[in-house]
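Below you'll find the structure, written out as structure tokens, and then a few comments.
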Amino acid sequence: MSEPIIEIEDLTVSFFAGGQRYPALKDLAVTLHESETVGLVGESGSGKSTALFAIMNYLPANAVVESGAIRYRGRNLLNADRRTLDGIRGRRLAMVYQDPGTALNPALTVGRQIAEVLERHLGLDERRARERTLELLRTVELDEPERTYAAYPHQLSGGMRQRAVIAMALSCEPDVLLMDEPTTALDVIVQAKVLELVRALRRKVRAAILFVSHDLGAVAEIADRIGVLYAGELMELGPAERILRHSRNPYTRGLIAAVPRIAGRAELHGIPGTASREPTRFSRCVFAERCEFAAELCRTARPPFAAVSAAPHRSRCHFATDPALFAARPLHAIAKSADAADSHRPPVLLEVAALSVDYRRSGGFLSFGKRGVVRAVREVSFQLPQERVLAIVGESGSGKSTIARTILRLEAKVGGRVLFRGEDVFALDAARLRRFRRNAQIVFQNPTSSLNPKKTVLELVGRPLRLDGTSAQERRERVRAVLDSVGLGDGFLERYPQQLSGGEKQRIALARAFVTEPQLVILDEPTTSLDVSVQATIIELLLAQKQHLRCAYLFISHNLAVVRQVADEVIVMRGGAVQEAGPAARIYEAPAHPYTQALLAAVPPLPLPAEV
Amino acid sequence: MGVAYLARRLLYGLISLLILSAIVFALTHLLPGDAATAIIGENATPEALAALRARLGLDQPLLMQFAGWLGGMLTGDFGVSTTLNQAAGPIIAERFFNSLALALGTIVVAASLAVPLGVVAAVKRGSRVDGAILTASYVGISIPDFVVAPALIILVASPPLDLFPSSGFVSMTASLGGWIAHIILPVATLTLVLAAHLLRQTRSGMLDVLLSDYIRTARLKGLPERTVLWRHGLRNGLGTTIAVLALDLGYLMGSIVIVEEIFAYPGLGRLIVYAVANRDIPLVEDTALVIGAVYVAANLLADVAHAALNPRMVQS
Amino acid sequence: MTVETSAAAPQGRSNRYLKAGLALTAAALATSALGFLYTPYSPTQVDLVHRLARPTLDHLFGTDRFGRDVLSRVLAGGWRSLTLGFGATGLGLAIGLPVALATGYFRGAVDQIVMRFVDALLSIPTLVFALLIIVGLGPGQLQAILALGVASSPKFVRIVRSAVLAAADEDYVTAAKARGEHALYIQYGELLPNVWPPIIVEASINVGFALMGGAALSYLGLGTQPPFADWGVMINEAQQYISVSFWPLLGPALAICLSIVGFNLFGEGLRDRLHLKASLRDV
């Protein structure tokens, strides 16, 4: 192994809020070596961002490092004073951020923001700093470096901004590159390109890279070694190949099993429950309550971070060295037969014919004319048969959400028709409209935003019934029934959204949609805001409910792997127009349109797990 | 910054002025009692009232009166004051400059005090310095002008100190020293309160900026805190302060009314109080419009300045 | 746990503000209520022998230019000043809230036009606006309440509308529209419950400023009319004789300042307690 650059030794960090102590990281120990890329994977609450910012010694005021050290070439950064840190940050340790839109100063040009790092650390004068900056911009594959140099951040696209941030980070040829979910805020195809850039740079620079992400697929593409964080504990650490195909940790295995594969439909298994946030969780295995292998030992004693076999592969599990246990429950392989071709097509439930919708950007008063109007949907047509799932796939700005809103008459159309059970939705009278709204429901992406924080679960889920005039008694009964069907008990009735986790909130949103027993449910990116393990459980739930209610889904998403798991038919959209449409199997296996091909190629193919 | 942007802002400003003039006109004309009644009293004979109304042009349809009044204002004809029996224009013009002097003086002094203090308070948030500054600003916004003024008068304009005159006015052309002496106390009164408001707004704006992601980026690039603040922080922080300065000008114009009255300072504020008390309708509406117009102009300037500092504003 | 980049305001400070504000506000309300019922002397009782007297055990705040007991006058005038404050705020809110909810919800052309109107109104300082209304209505306590109330409503529209806009972007509003909910229900049943915290805070703070405005009007002789007096009138009367005695000024001045500080502190403390971001008024 090459020289160790960063050594995180038994790092324990806690946050203090409102007099309470919230541990975020416990005994984290990872070493970064020159030229290697380590991927740190974790869901929300895992502590991965805390670890990253701890390396820079940039934690919030209410964070306390309770023990441990972070050594850069032997020197403990956690003890360093501001002056020392100023000399190291940007020069030896550099960072790439999750959202390049907010990470760049809107009032300065991109070029200046990069050049100032060179001026500060390398003492270059303005002219030479500018030259070097232009070189850097070329290295990150920005075609017109002069234009980019002189541009303000808001004038660049998301992908371009992120490349600029990467250029900024590489400017002084740092020893360590810290990357905080650098592709999460970007569109699918752009994500792939930026990831490719990082891969290319790996070969060119000698820096150690620490790549933090929740996306196992992205990490698998570029990491030499992978570490898995859960609820503040490092659960597993080892060479990428071993972690992905021969994991010896139940959480890691659960996570791998929960990731939807673009290669085909499989039985997805999520991890039931939610990550513990109890301050006392480190006295046992933090994953015990959700683990299918858990034994009494797991609930009482904290597992050591033990070595697994001869390889530099360690796992924090009492049973890590027991291969028999994992062999008994192998990770599932792909079952390819699930995309059943339909011999007969049920009657059409929803038909959209040559639909066109304009989007009026809210320009101020007096922004007359074309400036504020964009055609968001261009002559889109499709049919959704009863009890089937039609997926609309596309990146942001493709118009897919606009279609969903227009179907429900939340937007005005400028052309075409929307027919529900043969009736023109836009021509319905009041009574029929009410019936339509009962029969066609919608679930949104962000569960926090879609539930009114001032209402209880009972009020939220019961409201659609209230509009129907159902009695309070009956409402309560039906709400309890539907909550049960989404896996939530009576205890949830009087709770408020703030008290629930993301997954629980989305279940509530689903319950609210299902309570009127609709025939059509529109799902607008329903799992995008959720953790992977939770996403899988929601997808399982959706498929089960579809059977139970015998309803049809209009499933909107940019995540092709998720769509593969649920869709019967797929429409690919871009810039408001349909690029390609057809049965799911064909679209995925033999895409005809170049855009579809590009979208599919952009999804990192997660290697299939092997039997242990 | 595009010409299109400037043109659009100018158009907005003019529209605002138009609406403003309509509102002022409506308020002074649609409420019970009109100029005629104000002049000769309510017990006058109906014929006398009708004759006076005809002479003043009050019998014409409202829209025509409005057009007439507005047209006059735009061409410099401000009508005639019914209580002073003189052309309103020159009176207003003179008072306008007096009030402007007061306002500008106050803004300069208040900004010089408040902005640095606000930035310091934000940077040292939670410290004792911040606490002291915040408390001072609290006191400042809570004490009305008509309490500060007499307090100042007692302290410095009465025996034993007797440094400044407690009222009156001397024009600049007559005696510069006298002019300054008479303007100091009104400015000081106004400054105390304005500075307190400005300070809180600056602090608030800077706090928001200091919590933003780009400040984090700047620090993690290894830039010393001084550079982070000056080059990255202030530019965005001050942008908000400038935008808010225009709002403060509106507040200032309101304070000026009281302060001019207390110090018997011949400005627009004192004029409008006099006009309202004596129901001199032409004077009231003219003065109100001028005051509003100053605010609209200040807003325009603030927007332009803000856009110059923060190029992203131009797009919205 | 996500890395928090914002540190919440220290709990202790907000509680102190809240308690102090509550105490002062309660004191102001109490003294006014008391003054309504009882005063040591009649506020109009003239005693020309003991004019402009220093404080003594008989007259804790001295006497004014007519020998009237300052303390009694302050107590008696309190309710008038406070009514001005509360009345104007209540009226401003009653006008501003429905308008803000409607424009924030409907948006579009209606919103643009109304906001242009409101912006124009905001370019007239509140006091001048109030004066314009008084020109038509004539002076008086009730007229002052009306004038100040109407004059402060544009401010409320602005403030409430910002809060409404933020809430209206949330998906639960879209979900409500998708259910076919009535516009009024969405405004008052879905939006208002999420919007009232900043409203309460701004209203509390505004009572202080309305108090100030009302006293200003009275000071100018356009508010409470003789023979009645409130704190603003008293300050005006006291001004001429400051060189002789500042006590007639000190009484009402202290009363006003403490009341205003009380309402401000209460509002600020409430804001911190409700974990709201920086004032919509300050930004």
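Just the heavy atoms: all of them, side chains too, but no hydrogens, waters or symmetry mates, feed the values below.
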Using a cut-off of 6.0 Å, state whether more than 12 heavy atoms not belonging to [X] lie near its atom [atom1].
| X | atom1 | value |
| --- | --- | --- |
| A/R21 | CZ | yes |
| B/E225 | CD | yes |
| B/L63 | CG | no |
| A/R73 | CZ | yes |
| A/E131 | CD | yes |

> In Å and rounded to the nearest 0.5 Å, what is the CE to CG distance from A/M56 to B/L220?
Replying inline: 5.0 Å
Can you name the nearest heavy-atom pair linking [X] to [Y], along with the distance?
| X | Y | result |
| --- | --- | --- |
| A/R120 | B/P224 | NE-CD, 3.7 Å |
| A/E116 | B/K221 | OE2-NZ, 2.9 Å |
| A/A107 | B/R235 | CB-CD, 3.6 Å |
| B/N236 | A/N105 | ND2-OD1, 2.9 Å |

> Between A/L104, A/I88, A/V165, which residue shows the highest count of heavy-atom pairs closer than 4.5 Å to chain B?
Replying inline: A/L104
> Highest number of heavy-atom pairs under 4.5 Å with chain B: which of A/L93, A/L85, A/D86, A/D99?
Replying inline: A/D86
>> Between A/Y97 and B/D213, is the side-chain contact (heavy atoms from CB on, under 4.5 Å) condition met? List the steps.
In response: CA-CA 9 Å; A/Y97 306 89; B/D213 281 350; over 6 Å; no
> A/R83 versus chain B, heavy atoms under 4.5 Å apart: side chain, backbone, both or neither?
Replying inline: neither
>> Taking side chain as everything from C-beta outward and backbone as N, CA, C, O, which of these in A/A103 sits under 4.5 Å from a heavy atom of chain B? Side chain, backbone, both or neither.
In response: both
State, yes or no, whether a side-chain contact exists between [X] and [Y] at a heavy-atom distance under 4.5 Å.
| X | Y | value |
| --- | --- | --- |
| B/R231 | A/Q113 | no |
| B/Y214 | A/T102 | no |
| A/R82 | B/R219 | yes |

> Among B/T217, B/T227, B/I215, which residue forms the greatest number of heavy-atom pairs with chain A at distances under 4.5 Å?
Replying inline: B/T217
